[in-house]
Amino acid sequence: MLLIFLLAPFGGSLLVLFFPSDQRGATAWFAGAIAFVCFLLAAGIYPFVTAGGVLRFELDWIPELGLNLTLRMDGFAWLFATLITAIGVLVVLYARYYMAAEDPIPRFFALFLAFMGSMLGVVLSGNLILLAVFWELTSIVSFLLIGYWHHNAHARDGARIALTMTGMGGLSMLIGLLLIGRVVGSYELDAVLASGDAIRNDPLYLPILILILFGALTKSAQFPFHFWLPHAMAAPTPVSAYLHSATMVKAGVFLLARLWPVMAGTEAWFWIVGLAGLSTLLLGAYFAIFQQDLKGLLAYSTISHLGLITVLLSLGSPLAAVAAVFHIVNHATFKASLFMAAGIIDHETGTRDMRRLSGLFRYMPITATLAMVASAAMAGVPLLNGFLSKEMFFAEAIETHLVNSLDTITPYVATIAGMFAVTYSLRFIHSVFFGAPPADLPKRPHEPPRWMRAPIEFLVLACLIVGIIPGRTIGPFLHTAVVSILGDRTPDYSLAVWHGWNVPLIMSFVALSGGVGLYFLMRSYLATGIEGPPVFRLLQGQRIFERVLVTLSWKWARSLEQRFGTRRLQPQMLLLVFLAVSAAAVPLFRRGFELPPLVIRGIDPAFALLWALGIACAVGAAYQAKFHRLFALVLLGGAGLITCITFVWLSAPDLAVTQLLVEIVTTVLILLGLRWLPKRIEESRPEDIPLRVRFRRLRDFLLALAAGGGMSLIAYRVMTQPTPETIASYFVERAYSEGGGANVVNVILVDFRGFDTLGEVAVLSIVALTVFALLLRFRPHPDSQDIPLQQRVQNAFDDDHPDRNAGDSIAEYLHIPSTIMRWMFPVTGMLAAYLFLRGHDLPGGGFAAGIAMSIGFLLQYMAGGTRWVEERLRIHPLRWMSIGLLVAAATGIGSWVFGYPFLTSHSQYATLPIVGKVPLASAILFDLGVFSLVLGATVLMLIALAHQSVRAPRAHARPARTEREAAQ
Amino acid sequence: MTEWLHHLLILPILVPLAVAAALVPLNERERALKGSIGFVSTLVVFLIAMILMGLAAAGEDSLPGSGVYQLGNWPAPFGIVLVLDRLSALMLCLASGLALAAQVYSTARWHTAGHHFHSLIQLLLAGLNGAFLTGDLFNLFVFFEMMLAASYGLLLHGSGPLRVKAGLHYIAINLAASSLFLIGVSLIYGTTGTLNMADLATKLAALPPESRMLVETGAALLGIAFLVKAGMWPLGFWLPTAYAAATPPAAAVFAILTKVGIYVILRLHLLVFGAAAGASAGFGQSWLLAGGVATIAFGAIGVLASQAMGRLAGYSVLVSSGTLLAAIGLGHEEMLAGALFYLVSSTLTIAAFFLLIELVERGRDAAADVLAVTMEAYGDFDEGEEEEEVGVAIPRTMAVLGLCFSLCAVLLSGLPPLSGFVAKFALLKGLFEIPAADPARALTAADWTYVTLIILSGLAAMIAMNRIGIRTFWASIEGTIPRVVIIEITPVVILLAACLFLSFHPAPAMRYMQETVGDLLTPSLYSERVLSAPRAGDR
């Protein structure tokens, strides 16, 4: 039943979205029906919650985390639920007539129902986290409702401020509730309500209190977080009426009352809540007097009344709590009706500005009368409901709860605030309905449609009845609610209108007469039509908030982002290397790194010289890298060669072969690419370099030294320690017996760790594809678009000699080497085949063979040029790559047939004619795939670069031709 | 039959690899064909991943070959093994799901922006899946490389100066990080003589201190490499720029790339440096915490400071990384299930957001970006002049986009009731939980810092998304309405629907995460499973 109660508004909300937007009546009726059904359900539930009865419903959501969809309705929740649904029905009825024909009605009612559902969720939650969920939902949906007329900047700003404030509060409250969960060990409300003492005595009580109060006070628009509420009035009036009366702001006081039994009664509670409440009560009422906008006046009066409720809850006495609950109900009735009345005035006259409105009584007498009764209730005039709860408040204010200064000033503040309340209520009535007939209104005022007024009539009637015979009308319901909060602490109280002559009555009398007097004293000031209260007008909460928000979220955030972040590459690299060096150094230092004694023995002078050469090459390459790329590249090649020789020297022929071939191919490819890089010219002479730059270079140099030196130290340390028991010995043992190859390295590559090889060659092909795709779109820098200097010189030479045709020199250039290169192609092919076949037993293998073969192609491209090669050879690197990868994968899959996992190899020797005995492991097929893939990938990169030179002159030639054409 | 089921383990790597190879030589003009082959392949991988997750969820015993796949039929620690457990199965699903979404999205227009898009996506998927499945450190490096190489290609996909610049930065940094990775792996191998993670875990405790220090150095270097990938402050500055520059489908898949870093850290941290690691237990934990906290802070600041949605999304990736890193660094076991849930939820959200951004921004000019902030600062309305209050119906396209955007906003800022909230709740609940083993544990300053940052980062996301959302959907209705085709919005909707499902029915997922954490916290079981797996047949 509770679930239906909760789901009906949400379900309705979804359904309403699908209503066509021209069906205004149907949409409204549907929404109203949903609200009404909920109201009836609430009424039907009532018998179950009287006398402390509690209705529960539980559904699993995340039982693993103790978060369940627990719905729990007791008397207090019932009172709220009834209020929400009843006023909901009335607001829907009102909105039916209020909303303009152009407004997207389905969206309005969908949001409205969703909001009602969220609010019901807040009051029905039996689990603290669930409560927080619905709490934030009300924030989100109210954001959408306030921003409903989003083409209006006021609405957008109001919505944003409301969401930011209440959302912030909600997040803080969530933490508070989570902490309660930590203390209590459960989020279930029943458990929490039963462990008040544990919470109050916990060391975490103060943080919990502050976090939760921040949530509750922002939601209830308590000073100093009140400023979002007046801006929320940019919402359509029905929404304002709902937000200010039964929902949203009431959620804050609801939470205070809900947690009252477990949180209240401490000094901290009294001070924080009391101070916030009292200042809100007073300031809200004071500000309300000076508003020029009808809704603004009502908004500030809401703030003030919420302050009143908060003060009552802060006192910690059961009687005050009763008064608080009573005032919640009373305020909801008169404030909803007043907002609706303000909406009618706005709707029928076209303005809400009190400076332009006057004497409306003669145009809309019924509305005026209703509004007058409602504002009398707001002012606390006897025989109306507002009077009763205000009397209770005064009575509680003069009681002494805790001996301190705040308690002492409470009655005085209360009286003054009461006086202000009378003043602004009077102002509302007097300036709008009385006085001279209005001039220059946008519309000619008249009474609203019959049914638009009906909700107000109903609410005002309620104010009257409750005010006159409280005991028989609201009495039992109030009792039910109070019992559910206070339990056996429920005090005796009387709702009678007449308590005899006592101090509260005198206070009321003072407030009434003082308020009237104040109004007449201030009339001349108010007539000046200045918006906002004196002095405080300069301190606009919203503006301050905006400024702070913009400063924090924009200016500071941006400068912080720039200070602690960078988009440049160099600093990022610096950080990376620095962090890597430190990360490596920390464990070493902590555990006491010691270098084993450096033993120098048996140095071969030739080897030392080789290395000296290699080091010189490497350093030279780094030194020249910036301005002399070609130089650097040559030196780099030198360092690479030294590495190769080192491998040979230290008996690692496989590595040497592969290194040599890779070295050749990469160097050539980079050389081909160099042509397209724009020149870099060293501008500044060394003495011009500023000190800062020198310092930076020194720092970078030291860091590089640390990284390189550190790396050598670690490497030295690892190499000098006794070899641990490694998996390598296993490989050596079984390479021949189980892998079928005498070359352990190759067996590791194609069998033991063939999967790595598959991955690595795949990486190679990805890189090739990427290079290819990138270079397809590459347009060279204007500097390097021209044909190279050398060719220009050659062409100039041809031009100078009459016996030569243009281009002859280029054609003749390196004629003999290129002829030899062409002849080399079959030889390279043979070499590749040789490397491939011997691979399994001797240095070589698919990878080396693939590279070697690609060198053959490379030579052809260099010797003959792109066009020449491609006219004579079918080059399909993409296909080769694809076939290679597929063959390798298929070989691996082949072992499935025999019941073995991927890449399991099988080997035996076969005797071929002429060649002789050949090892025929299934791994050789895999190696074939590797060969094809490596060849394809390398050639693809080559082509990507080679085609650049075919394409670029064309791209360059085109503008030249158009220029020529233009010249003709 | 079980044998064939056993081969399922390797299919998430093989299928995309083979399909990528088959797609390469196809003519680029056959985009529809390439797209559909790619789609089918990814779908198959996704289904396999789902099956594997189902198998993993049922427990190790029901897994074929107890979840260990020995490549080349060489037993661990000598050969390479793939290991399926709940965590890897989860990551497989996530990766293939995202790839699927990105692929469908790309077929509308983005795959025409360059060559070999579908092959690259497949190869990226193969690399990701390999990284999740492998139980071998060097093999992990290989798959990392595969994934990175493919991501270079995808980032450069579409070209343009911005993309190429961001792409080359990205490549430079990741190449440097890869070298660190390699150094780290060799240090570990040189000291312990093994590359198998499970074997490493069992060997570490018995190492003498002088070797232990070298292993720790190696692990630290590995850590740096992974943290670069995860985008930890101050190693993640490249990330927002790169992600914002990438084409939407690429960016959407990249949402999981940072999570690979997190995944590996989580796995190795708990496996190798768990309680059984002796003197090395909890190695680097405080660094993770500090770095994670700084990352959340920096990410949140960046989120606030972002004008363009792309950068906002990029910074959200950082926030998400930081949240996870710090959660691992705090070392509360109760938080880990929440962290995993968060990982899934935030990855899906960010991917959906990346896809959505381009759709939303299609109809908008960039100049409006600067305006929104100044508007906020000085107020753009005249006090005296009241605009006419009549509603403007959001047109359908805008309504759909707006709804998706709001969902993203709510998810990113972790507001209830969606999965972003559930995830944060689970994290915080774990943090506040009083552990049964240590009832006296009080909340430390680190705990409070973490809580504060989680809340503030959520708030920052809320404010920033709010600002951008209002500007896009409320303040500029008169802008041209973007033309969005169904095939583009569908992946966004599906990703968001997955988040919604996680929001309203999180219990099974949460249970799965808790079981996953249970696995992770008993590394000895993992090691035993890997090291004692039987070889197939007799060679």
Side-chain angles (χ1 to χ4, degrees), chain A residues 62 64-65 100 102-104 133 136 149-153 156 167 171 178 182 550 553-554 557-558 560-561 564-567 569 572 575-576 580 583-584 587-588 591 718 724-727 730 751 755-756 759 762-763 766-767 769-770 773-774 777 878-879 882 885-886 889 900-904, chain B residues 10 18 21 24-25 70-73 78 80 114-116 123 139 142 145-146 149-150 152-153 156 159 169 176 180 190 193 213 216-217 220-221 224 234 237 241 298 301-302 304-305 373 376-377 381 387 389-393 415-417 426 428-429 432 455 462-463 470 474 506-507 510 536:
Chain A
I62 324 174
E64 286 78 7
L65 300 179
E102 305 85 51
D103 292 333
V133 168
E136 289 289 27
W149 283 323
H150 51 69
H151 53 279
N152 180 338
R156 294 199 296 265
L171 287 172
L178 280 166
R182 177 184 163 97
V550 166
S553 77
W554 184 248
R558 281 178 73 79
L560 280 176
E561 187 208 11
F564 292 103
T566 176
R567 294 190 194 185
L569 182 61
Q572 295 190 45
L575 272 169
L576 176 60
L588 294 181
R591 301 213 184 269
V718 172
E725 188 196 330
T726 66
I727 53 177
Y730 179 93
D751 191 352
F755 199 50
D756 281 342
V763 171
I766 299 171
V767 171
L769 283 180
T770 305
L774 181 67
R777 294 284 178 95
L878 287 174
R879 212 172 285 171
S882 160
L885 196 52
L886 287 175
Y900 288 106
F902 188 70
L903 278 179
T904 309
Chain B
I10 197 174
V24 162
Q70 297 161 332
L71 285 149
N73 206 19
F78 308 107
I80 299 167
H115 283 221
H116 300 298
L123 288 164
N139 197 234
V142 170
E145 283 306 296
M146 196 193 272
Y152 304 152
L156 292 171
S159 297
H169 282 191
L180 292 178
M213 121 187 121
E216 285 183 355
T217 301
L221 289 175
I224 296 282
F237 301 136
T241 316
F298 180 68
I301 289 169
L304 280 180
V373 175
E376 215 174 272
F381 47 84
E387 289 175 50
E389 291 184 351
V390 178
V392 178
L415 289 177
L428 293 180
K429 153 136 180 138
F432 285 143
I455 293 301
M462 186 179 88
I463 292 174
I470 286 185
W474 281 2
M510 202 53 96

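Here is how names work: the chains are called A, B, and so on, in the same order as the sequence lines, proteins then strands, and each is numbered from 1. Worth knowing before you read on, the calculation uses all heavy atoms, side chains too, and leaves out hydrogens, waters and symmetry mates. Keep in mind it's a predicted model, so treat the numbers as computed, not measured.
To the nearest 0.5 Å, atom OH of residue B:Tyr152 and atom OG1 of residue A:Thr770 are 10.0 Å apart. Atoms CZ and NZ, on A:Arg182 and B:Lys429 in that order, are 11.5 Å from each other to the nearest 0.5 Å. For the atom pair CG of A:Leu560 and CD1 of B:Ile301, the computed distance is 4.5 Å after rounding to the nearest 0.5 Å. From A:Leu774, atom CG reaches atom CG of A:Leu769 across 12.5 Å, with rounding to the nearest 0.5 Å.
If you measure heavy-atom distances from B:Met146 to chain A, the contacts under 4.5 Å come from both the backbone and the side chain. With a 4.5 Å cut-off on non-hydrogen atoms, B:Leu304 touches chain A through its backbone and its side chain both. Contacts of B:Leu180 with chain A are made by side-chain atoms alone, with heavy-atom separations under 4.5 Å and no backbone atom involved. The contact between B:Phe298 and chain A is made entirely by side chain atoms (from C-beta outward), counting heavy-atom distances below 4.5 Å. Contact of B:His116 with chain A is made through the side chain alone, with heavy-atom distances under 4.5 Å.
The minimum heavy-atom distance between A:Ser882 and B:Ala21, with the atom names listed, is OG-O, 2.7 Å. Between B:Leu221 and A:Ala580, the shortest heavy-atom distance links the atoms CD2-O, 3.6 Å. The two residues B:Ala426 and B:Met510 have their closest heavy-atom pair at CB-CE, 3.7 Å.
Heavy-atom pairs under 4.5 Å with chain A peak, among B:Ala150, B:Ala220, B:Pro417, B:Ala507, at B:Ala507. Listed options B:Leu415, B:Ile10, B:Leu123, B:Ile80 were ranked by heavy-atom pairs under 4.5 angstrom with chain A; first place goes to B:Ile80. Comparing A:Ala889, A:Ala762, A:Ala584 by how many heavy-atom pairs each has under 4.5 Å with chain B, the most go to A:Ala584. Between chain A and the options B:Ala176, B:Ala18, B:Pro25, the largest number of non-hydrogen pairs under 4.5 Å is found for B:Pro25. Taking chain B as the reference chain and counting heavy-atom pairs below 4.5 Å, the highest number among A:Ile62, A:Leu65, A:Leu885 is found for A:Leu65. Chain A forms more heavy-atom pairs under 4.5 Å with one residue of B:Ile224, B:Ile455, B:Leu156, B:Asn139 than with any other, namely B:Asn139. Listed options A:Val767, A:Asp756, A:Leu171 were ranked by heavy-atom pairs under 4.5 angstrom with chain B; first place goes to A:Asp756.
Ring planes of B:Trp474 and A:His150: parallel class, angle under 30° (limits at 30 and 60°).
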